[in-house]
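The structure appears right after this line, and notes come after that.
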Amino acid sequence: MTEQSSTLRPAAGAANIFTFPGRVGEQASSVLRGITKPASDGMPSDFSLATDGIYQLRPGEGEDLLPVRICSPLIVQGICSRPNGGGWGRVVAVEDPDGKWHELILDARDVSRRSASSLNALFDQGLELAPVEKAAQSVAELLANWRPDTRYLRSDRLGWADPSFSAFTLGNGHVLGDGLVMTDAISGDIAASMHAKGKLVDWRAAVAQPCDGNPLMVLALSHAFTGPLLSFLGRDGGGFHLRGVSSRGKSTLLGVAASVWGAPSFVQSWRSTDNGIEGIAAACNDSLLVLDELHQVEPRAAGDIVYMLANGRGKNRMSSNGKAQPTRRWNVPVLSSGELSLEEHMASGGRTMYAGQDIRLIDLVADARRYGAFDCLHGEPDGRAFAERMQRAGRETYGVAGPVFVEALMKNLDKRDTFTRLVDSFCREWGTKADLPPDGQIQRVMARFALSALAGETATKFGLTGWRVGTARSAAFELFMGWLDARDGSTRAEIDSAVERSKDYVSRNLERFQLLGGSAGEPLDGWRDEAWVYIQPECWKVIHGAKDPLEAARLHQASGLLRTQGASGLQFRMGREVQDRPRVYAVRASALIGTTGS
């Protein structure tokens, strides 16, 4: 028996147009932004939408057709697909019993089945069927035949939606800029934490301004703004690891940075990266990935995760039908913390850290400032009180600065070359001040600091930080120099020792080595002015004992003695275009045997 309310005809004039409230909370939701046309756009003629749900014309007494309510309100807002043309589906908005609206994507393959099982995702969001016969079949038929003109771009990551940087998707589904975008298959927990609370003026006063006078805090906050700049400037992901003992302020630095984009829960644990790293990275795309407590991830996996995060590409996987699944991609800055460095943590699991990992997650001491991680307490009696103040501020206002930064950046898309020149100029200036050698690894690390400096200075120009011009730049340079001093201090003795071992062995066993270049014989391609000693990997094992030959090579490269062949790495083949000759290392002869090859 049908309830009376299910057979009432909608009020005149309300059959195909549904009026939504103007705002939800403080920010208009993407559901409201996306609905700009009457709900009848593409809706089959025998269905209509009223304030209490969907109605279908069904036979009544005689020849009359009566509108029968079949379910609670829903709207097919548009049709979506991925940039490559795959992933077709329907963008559907559903009202739950509490009156809240939710958006989701139904895959076209599920909709085409016209079965009740295709409605499960809608039920999960609060859709309710009316107590009438074949209500589920009617809703399935409606979804299959409702074809709006509106088109959405479907994406499996947040952040920039297209190469033109015209739209940016936030975790709450809100899209900044132009275009309609729907995201799916991303980490729901992270997306849920990317919401806003409070006002920008309060965040600036309570969170950003107290960072002034604290270089580590300034760098952390500046780094949080680099996310939208990475793809825009063609830069890779990567970032900083804050190392130090517990209760010295590391977690406060992470919270300050996270507040740019979301709630304190935006900070993730390294433990969560074991299985969900790709979804986490995609959800943090173009914003910031904050990872706490490095020791919670398996040491043998840590280095691989660092490479994956920085390279911006997930693993290749096959579906059940044997076809390759779409590979997740992202571009995200990383801010990490732990009591051990990445190198120490990997060593605890018997793994060796290579230079590529070191420069992708730059190690910074975060407990050796005047007050642990801090230099200036802004009136607080001690570091603990200051940390508690900053943590409290981060709980009271957050998630407002990142979207404003993106909106301001969209108005300055024509400044891309200017931004690039600024990063380059920072590097040139710092390289001159530090009297740096043309070491590719050091230059890449310096560029990471320079990019953070640019982001902080740009945020200051946009009115987000309350800092003086130059604050972010000075902090980044100071911390880069600290990193450089620590690097030289910890490796110089090792470098000198490795070179001395090579020099001693080669000098005593010169007959075992081939000397090339200069006047000593066949020159290396393009290196006709100097002699080089060819050292095979197995021989280097003899020279340096148990040390990995590749690690020994890197020590010689750091000393400026090693020559490489193009982009092929630290080794090259002996002779020109001879593929059957072994790969070797070439070390400057003058450093090993005191000769120029004459």
Side-chain angles (χ1 to χ4, degrees), residues 303 343-344 346-347 349-359 435-444 484 486-598:
E343 182 176 17
E344 292 168 333
M346 292 177 63
R351 299 294 295 270
T352 299
M353 186 184 74
Y354 296 117
Q357 294 158 331
D358 186 28
I359 64 178
D435 192 23
L436 294 179
D439 185 311
Q441 295 175 6
I442 294 179
Q443 295 291 335
R444 289 178 64 182
L484 186 63
R487 177 182 185 273
D488 287 345
S490 62
T491 63
R492 179 52 55 189
E494 190 176 6
I495 291 172
D496 292 343
S497 176
V499 172
E500 190 62 31
R501 284 196 300 271
S502 295
K503 180 178 180 180
D504 178 67
Y505 187 90
V506 172
S507 297
R508 289 187 292 104
N509 300 277
L510 188 58
E511 70 280 359
R512 299 184 181 183
F513 296 90
Q514 188 172 12
L515 189 65
L516 297 180
S519 60
E522 179 187 2
L524 304 182
D525 292 345
W527 305 340
R528 301 176 182 275
D529 58 343
E530 190 163 2
W532 303 86
V533 175
Y534 271 3
I535 299 180
Q536 295 184 355
E538 57 270 20
C539 182
W540 225 334
K541 290 181 181 179
V542 175
I543 297 174
H544 297 284
K547 183 175 288 296
D548 177 29
L550 189 58
E551 183 63 21
R554 288 196 173 97
L555 292 173
H556 286 72
Q557 183 188 38
S559 70
L561 303 182
L562 199 71
R563 295 301 293 264
T564 60
Q565 183 174 339
S568 60
L570 301 180
Q571 298 178 331
F572 57 88
R573 292 192 186 279
M574 295 175 60
R576 302 188 189 95
E577 307 299 332
V578 181
Q579 295 303 311
D580 59 346
R581 293 191 180 185
R583 288 191 176 275
V584 296
Y585 298 98
V587 183
R588 196 181 302 273
S590 59
L592 298 185
I593 58 177
T595 177
T596 61
S598 58

Nearest 0.5 Å, please: how far is CG in Asp358 from CE in Met353?
4.0 Å
Taking side chain to side chain contact (heavy atoms under 4.5 Å, CB included) as the test, write out the residues that go with Asp504, two or more places apart.
Arg508
To the nearest 0.5 Å, how far apart are CG in Leu484 and CG in Leu436?
5.5 Å
